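Quick notes on the structure that follows.
Every value quoted in this text rests on a predicted model; they were computed, and no experiment measured them. For ligands, and for the atoms within them, numbers begin at 1 and follow the listed sequence. Hydrogens, waters and symmetry mates are skipped; everything else that's a heavy atom, side chains included, is used.
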Amino acid sequence: AKTQQRAGYFYFSRNMGVEIRERVRMMHALRNAFSQNELFVMYQPQVDLQSRHPVGAEALLRWRTRDGKFVPPDRFIPIAEYSGLIVELGEWVLRTACKELVRLRAAGHLDFTISVNVSQVQFRHPQFLSMLRRALDDSGAPPAFVELEITESMAMEEPDMLIEMLNQVRQTGVKIAIDDFGTGFSSLSHLQRLQVDRLKIDRAFVTEITGSSRGSSIAEMVIQLGRNLGLSIVAEGVEDERQAQVLYHLGCPLAQGFLFARPMPADELSDWLAGEAR
Ligand code: C2E
Ligand code: CA
Ligand code: CA
Ligand code: CA
C-alpha cells in the first residue's frame, strides 16, 4: 500500500509540474499574442424574442495564432486571470467594444447595447472604476448602452463590498447583467440587494428546456425571479426554434444563440444589422 501511495504521489506531482509549465508557456504566448495583435473581439447579437429584432450584442474575445489556429477563450481566459493579464486585456476589450458602439450609433443603430464580460480579478482591481470612466469618456460611448456582465459566482461573494462596488459602477450609468444565472445559488433577497439590470440564463438550462421537465423548471424559475424583480432577462445559447418558442411563452423577452446569429467580427456585425433592418 505504501509504494502505491508513493507512486500515486509522484504521478500526481509530475503532472502538476507539466500543468504549471504549460500554464506559464500559455501565459507568455498570450502576452505575446496581445502585443502582436493576435487578439480581436467578436460580437454576438441578442434579439427580442417576439419581433426577432436585434437589441444588442455581446463582445467575445478571440485569439487566432499566427498559424491560423483559434485558442478557445475557455482555455486562455483562466490563464489571463491567473496571471493578472486579464486587467489589461479586459480594458482593451471594453475600449474596443465602446468604440464599436460609437461606430454603430453613427450608422444609425441608436437602440443597441454592447455587453462586455468582466472577470472577478478585473472587477476587484482598485483602479477598475477609474478605468471604466476613462474608457467611457475617451470613446464617447453613452454609458446607458454599455452593459457589464459579471458572473453569478462573483455576485455571491462578500455581499457588502459587492453592493457598494455595484452602486459605484451604476453611478457611471452603465448597466449590469448577471451572467450564467442559475448555476449559483443567489436567493431572492440577495438579488434584491444587488441592484442589477439583467439576468442571463445559462445555456445549460436553455438546452434542457425542451427535454426534461426539471430543466425547464429551472429556466422558468429564473424567468419568474427576474420578472418579479423587474429585471431584463436574456436566455443564452438558444440553438433551435423550439427553445425560442418555449422561452418566449415562459415570459423571457430576449435571447442570444446560434439560432439567431453566431459571434461575428465587427465589420460583419454592421452588415448583419443593416440586413436585419430591411
Ligand atoms: P459566456 O460569457 O457565457 O459567453 C457565451 C458563450 O456561449 C460564448 O462562448 C458563445 O460563443 C457561446 N454561445 C453563444 N451562443 C451559443 C449557442 O447557441 N450554442 C453554443 N453551444 N454556444 C453558444 P465563447 O466565445 O467561447 O466564450 C466562452 C467564455 O469565455 C465566455 O462565456 C466568457 O466567460 C469568457 N469570455 C469570452 N470573452 C471574454 C472577455 O472579453 N472577458 C472575459 N472576462 N471573459 C470572456
Ligand atoms: Ca457573458
Ligand atoms: Ca454566459
Ligand atoms: Ca456560460
Side-chain angles (χ1 to χ4, degrees), residues 30 33-34 38-47 49 54 56-64 69-100 113-125 128 131-132 135 146-155 175-184 196-210 219 222 232-244 247 252 254-266 268-269:
L30 182 58
F34 187 38
E38 288 177 19
L39 301 184
F40 62 103
V41 179
M42 297 251 255
Y43 300 87
Q44 185 180 32
Q46 298 171 333
V47 304
L49 266 175
E58 177 178 8
L60 294 160
L61 190 55
R62 291 288 177 269
W63 176 6
R64 188 178 41 218
K69 282 198 216 97
F70 280 92
V71 184
D74 289 334
R75 270 192 67 209
F76 71 81
I77 298 279
I79 288 167
E81 289 173 336
Y82 174 80
S83 64
L85 186 63
I86 194 72
V87 173
E88 241 178 287
L89 274 184
E91 174 174 2
W92 179 77
V93 173
L94 178 65
R95 286 179 170 271
T96 305
C98 283
K99 274 186 238 157
E100 182 55 21
T113 298
I114 295 269
S115 305
V116 178
N117 292 287
V118 175
S119 90
Q120 187 158 1
V121 181
Q122 226 188 321
F123 197 73
R124 288 234 177 117
H125 192 272
F128 180 76
M131 181 284 288
L132 174 62
V146 175
E147 179 178 74
L148 304 182
E149 297 190 0
I150 63 170
T151 59
E152 189 185 13
S153 53
M154 187 164 142
K175 300 281 193 275
I176 295 166
I178 302 190
D179 204 358
D180 300 339
F181 196 81
T183 55
V196 299
D197 302 280
R198 182 178 279 183
L199 303 179
K200 289 192 85 175
I201 308 174
D202 194 67
R203 179 160 65 88
F205 308 116
V206 171
T207 310
E208 280 175 350
I209 212 171
T210 45
V222 174
S232 165
I233 307 151
V234 186
E236 61 179 17
V238 177
E239 292 182 348
D240 63 53
E241 190 53 46
R242 263 187 73 210
Q243 293 168 343
L247 286 162
C252 179
L254 307 171
Q256 175 182 348
F258 296 168
L259 173 65
F260 313 105
R262 297 207 168 230
M264 55 185 93
E268 276 177 41
L269 177 65

Does even one non-hydrogen atom of [X] get within less than 4.0 Å of ligand 1?
X: E58; value: yes
X: G237; value: yes
X: E239; value: yes
X: M42; value: no
X: P263; value: yes

Please say which of Q243, Q256, E236 ends up in a side-chain contact (heavy atoms from CB on, under 4.5 Å) with V206.
Q243

Please say which of M264, R262, E58 ends up in a side-chain contact (heavy atoms from CB on, under 4.5 Å) with P45.
M264

N, O or S atom of E236 closer to the Ca ion (ligand 3) than 3.0 Å
yes

Which of the atoms of ligand 1 are close to [X], meaning less than 4.0 Å from one of its heavy atoms?
X: S119; value: 44 (N)
X: E236; value: 3 (O)
X: G257; value: 15 (N), 18 (O)
X: V238; value: 18 (O)

Would you mind telling me if ligand 1 is within reach of the side chain of [X], the backbone, both or neither, using heavy atoms under 4.0 Å?
X: K200; result: neither
X: N117; result: both
X: D180; result: side chain
X: Q256; result: neither
X: V116; result: neither
X: Q44; result: side chain
X: L61; result: both
X: R262; result: neither

Considering only N, O or S atoms of D180, the one closest to the Ca ion (ligand 3)
OD1

Quick check: of its N, O or S atoms, which one does D179 have closest to the Ca ion (ligand 3)?
OD1

Check: [Y] and [X] side chains under 4.5 Å, non-hydrogen atoms:
X: L94; Y: M131; value: yes
X: W92; Y: R95; value: no
X: I176; Y: D197; value: yes
X: F260; Y: L49; value: yes

Of the choices L60, V118, V93, V41, which has the non-hydrogen atom that lies closest to atom 37 (C) of ligand 1?
L60

Hey, can you tell me if W63 and F76 have their rings parallel, tilted or perpendicular (30° and 60° cut-offs)?
perpendicular

Which angle, to 10 degrees, forms at the Ca ion (ligand 2) with OE2 of E58 on one side and OD1 of N117 on the other?
90°

